[in-house]
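Encoded as structure tokens, the structure appears first; notes follow it.
Excluded from the calculations below are hydrogen atoms, water molecules and symmetry mates; all remaining heavy atoms, backbone and side chain alike, are included.
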Amino acid sequence: MRTDEDFARRLLARAREETGGLAEVYQRASRTLSVDVKGGEVEALETSVGFGYALRVIRDGHVGFSYATDKDALEAVRANALETMKGTEKDEFAGLPGPEAARSLDVYDPAVASISEEEAIRGALDVERAALGADRRMKKVRRAQASFGQSETLVMNTRGVSVSYPSTLVGGSIMAVAEEGQESQMGWGYQVNRFLRGVSFPGVGAEAARRALCMLGARRISPVKAPVLLDGQVAAEFLSVFASMLSADAVQKGKSLLAGKVGQRVMSENVDIVDDGLRPREPGSRPIDDEGVPVGRHELVSRGVLRGYMHNTRTAAKDGVRSTGNGMRRGFQALPTVGPVSMYLDAPGEKPTLETLLGGMQRGLYIVEAMGVHTINPISGHFSIGVSGLWVEGGKVLYPVKEAAVSGNLLEFFGKAEALAGDLRFYGSIGSPSLLVGPTDISA
């Protein structure tokens with residue numbers, strides 16, 4: 001499981017002969033081991049090994065692209081890239097980055113790379129056991145999984161970029177069901193990290209049990225306007241909408257509510273949005289983006305004021321700025337777009353605990369699950385989404401709530417942000433701590 005620099009050089013050399021200009025090779029090699037268990041037995045154990053590469057060529061603003069998994073297809077990939085280039089419209093901002101020194105970043109854990117099947121199975125079983133053993137009301141598991149992956153990424157282009165890095169990723173997940181009488185509630189648990197020690201498999205199961213058990217006995221409530229406290233995972237879902245709005249590509253296409261608002265206050269001064277690909281061990285962290293540009297730490301929103309957007313090489317050229325290292329691919333089969341590396345909500349100063357925020361709520365809803373956050377319109381910002389959670393009065397949880405909805409406008413909603421807890425957690429490339437928001441419309 002390695003990338004191949006010599007192969008990349010040969011492909012670049014052949015592409016340069018035809019274009020006389022810009023060409024780029026992107027390679028990715030990977031190996032993944034995943035285990036599914038149910039009822040204490042292994043349901044599935046899969047090992048997959050993959051290798052793929054892509055060629056991007058640019059001549060006079062015309063871009064061609066092709067990819068394959070077979071090295072013997074080199075000539076076909078080169079020919080296809082050149083052929084597709086002929087049919088594209090001219091893009092005066094199309095280009096490739098030059099070489100820049102990237103910071104060293106440890107995103108590779110030998111313990112993940114060398115995991116045995118027996119150890120992987122134990123991890124998945126620990127997830128299931130922790131969920132079912134948490135309480136007598138935990139009755140069944142739909143799926144408990146542990147996964148372990150290692151990969152190597154290489155980017156090379158005719159402008160002098162030649163960089164590669166190895167990485168690992170480990171995760172645990174589960175969907176579990178609690179039952180009491182005729183009622184059942186489902187809860188999920190999920191953790192992901194670059195390092196094996198960053199994931200607690202029993203903790204994944206225990207989280208699923210907590211989420212399922214806390215919703216037993218859920219009831220509907222009457223419409224009310226009250227503060228809401230977003231679970232970190234729910235807040236991260238909201239942040240993912242901001243991520244799309246902070247893309248310079250969306251801004252340049254007029255598809256972002258944040259277009260033209262740099263230097264303006266767009267949310268509460270209690271909130272920052274940071275994209276920091278250099279945070280150690282987080283699942284999105286890496287030394288370079290998928291164009292070979294070094295990643296860094298960027299405060300996109302600081303004290304509620306919009307400071308800038310995420311850029312790849314093309315959008316940066318169009319705006320006359322430097323790439324922020326946010327050229328991201330959905331795989332070797334795709335051209336780079338603009339996306340977050342490791343984005344999260346932050347706040348200045350010391351942060352309270354989740355328990356402190358809950359204890360300070362006189363009357364409000366602690367939202368533990370939201371449905372349809374991805375449907376929020378990134379141009380208007382309007383939303384109405386279903387939620388469930390726990391009703392709080394006098395700093396104490398009284399009962400679980402089901403079939404509620406919160407509505408409003410995204411910028412106005414984040415404009416009422418009052419505090420962030422100190423429980424930051426990542427769910428892939430997006431992370432967030434728990435977030436307290438002021439009076440919000442809650443309907444039944």
Side-chain angles (χ1 to χ4, degrees), residues 3 7-28 51-100 153-163 243-256 259 288-293 309-341 378-379:
T3 54
F7 176 80
R9 290 191 186 96
R10 291 200 307 274
L11 182 52
L12 275 186
R14 293 290 290 119
R16 190 201 296 263
E17 290 174 8
E18 297 289 340
T19 66
L22 301 176
E24 169 202 72
V25 173
Y26 176 88
Q27 284 184 22
R28 186 170 176 85
F51 173 83
Y53 62 97
L55 173 66
R56 175 168 47 154
V57 293
I58 305 173
R59 183 172 62 195
D60 300 327
H62 297 278
V63 179
F65 181 74
S66 185
Y67 61 89
T69 58
D70 185 354
K71 292 182 184 179
D72 291 338
L74 181 152
E75 286 300 324
V77 167
R78 179 193 62 82
N80 288 340
L82 294 171
E83 186 63 29
T84 59
M85 181 176 64
K86 297 176 184 178
T88 61
E89 294 184 5
K90 183 174 182 177
D91 182 354
E92 61 180 303
F93 303 108
L96 299 174
E100 294 182 60
T153 303
L154 178 148
V155 183
M156 187 180 293
N157 71 31
T158 53
R159 293 199 60 205
V161 169
S162 181
V163 61
S244 66
M245 293 173 12
L246 286 163
S247 161
D249 186 54
V251 170
Q252 291 169 358
K253 292 176 179 177
K255 295 181 178 180
S256 170
I288 58 168
D289 72 359
D290 290 334
E291 295 186 293
V293 177
Y309 308 113
M310 299 181 292
H311 283 279
N312 64 11
T313 300
R314 183 194 175 279
T315 63
K318 188 170 184 178
D319 279 357
V321 298
R322 292 171 60 87
S323 170
T324 56
N326 288 98
M328 308 300 289
R329 300 177 191 247
R330 294 183 177 88
F332 67 88
Q333 307 95 329
L335 284 165
T337 56
V338 179
V341 181
I379 301 176

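- Salt-bridge formation is detected for the pair Glu291/Arg56: a Lys NZ or Arg NE/NH1/NH2 atom is positioned less than 4.0 Å from an Asp or Glu carboxylate oxygen.
- One distance of note links OG1 of Thr3 with CZ of Arg28; it measures 10.5 Å at 0.5 Å rounding.
- Here the shortest heavy-atom pairing between His311 and Val321 reads NE2-CG2, 3.6 Å.
- The number of heavy-atom neighbours closer than 6.0 Å to NZ of Lys71, taken from other residues, nucleotides and ligands shown, is above 12.
- With rounding to the nearest 0.5 Å, the separation of CZ in Arg314 from CD in Glu92 is 8.5 Å.
- For the residue pair Asp249/Ser247, the side-chain donor-acceptor check at 3.5 Å is not satisfied.
- Although no hydrogens or angles enter the test, the distance criterion places no donor-acceptor pair under 3.5 Å between the side chain of Asn326 and the main chain of Asn312.
- Of all heavy-atom pairs spanning Ala23 and Val57, the tightest one is CB-CG1, 4.2 Å.
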Practice task
Would you sort out whether Val161 and Leu96 count as a side chain to side chain contact (heavy atoms under 4.5 Å, CB included), showing the intermediate values?
Solution key: CA-CA 9 Å; Val161 169; Leu96 299 174; over 6 Å; no
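- Within 6.0 Å of atom CD in Glu89, 12 or fewer heavy atoms from other residues, nucleotides or ligands are found, so the atom counts as exposed in its surroundings.
- Under the 4.5 Å side-chain criterion, counting only non-hydrogen atoms from C-beta, Tyr309 is not in contact with Gln252.
- Of all the heavy atoms in Leu11 and Arg78, the pair that sits closest is CD1-CB, 4.4 Å.
- Side-chain atoms of Ser256 come within 3.5 Å of backbone atoms of Met245 as a donor-acceptor pair (strictly under, hydrogens ignored).
- In this structure Phe7 satisfies the ring-ring contact (aromatic ring centres under 6.0 Å, His included) test together with Tyr53, sequence neighbours excluded.
- Rounded to the nearest 0.5 angstrom, Arg9 CZ and Thr158 OG1 are separated by 14.0 Å.
- A donor-acceptor contact shorter than 3.5 Å is absent between the side chain of Thr88 and the backbone of His62.
- Summarising the geometry, atom OG1 belonging to Thr337 is positioned 9.0 Å from atom CG belonging to Asp290; distances are rounded to the nearest 0.5 Å.
- In terms of modelled atom types and a separation under 3.5 Å, the side chain of Ser66 and the main chain of Leu55 share no donor-acceptor contact.
- To the nearest 0.5 Å, the span separating CZ on Arg14 from CG on Leu74 amounts to 7.5 Å.
- Taking both residues in full, the closest heavy atoms of Ala250 and Ser244 are given as CB-O, 3.5 Å, listed atom of the first, atom of the second, then distance.
- Applying the side-chain contact (heavy atoms from CB on, under 4.5 Å) test to Ala94 and every residue at least two apart in sequence or in another chain returns Ile58, Val63, Asp91.
- Of the possible donor and acceptor atoms, one in the side chain of Arg329 sits under 3.5 Å from a partner among the backbone N and O of Ala334.
- Residues passing the side-chain contact (heavy atoms from CB on, under 4.5 Å) test with Phe332, sequence neighbours excluded: Tyr26, Tyr67, Thr69.
- Annotation for Gly325 and Val293: closest pair CA-CG1, 3.9 Å, computed over non-hydrogen atoms.
- Taking OG from Ser162 and CE from Met156, the interatomic distance works out to 3.5 Å, rounded to the nearest 0.5 Å.
- What you find for Pro336 and Gly327 is that their closest heavy atoms are CB-C, 4.3 Å.
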Practice task
Just do the side chain to side chain contact (heavy atoms under 4.5 Å, CB included) check on Met328 and Asp289 with the steps written out, would you?
Solution key: CA-CA 6 Å; Met328 308 300 289; Asp289 72 359; 4.2 Å; yes
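- Note on Glu100 versus Arg322: salt bridge recorded, some NZ/NE/NH1/NH2 to OD/OE distance being below 4.0 Å.
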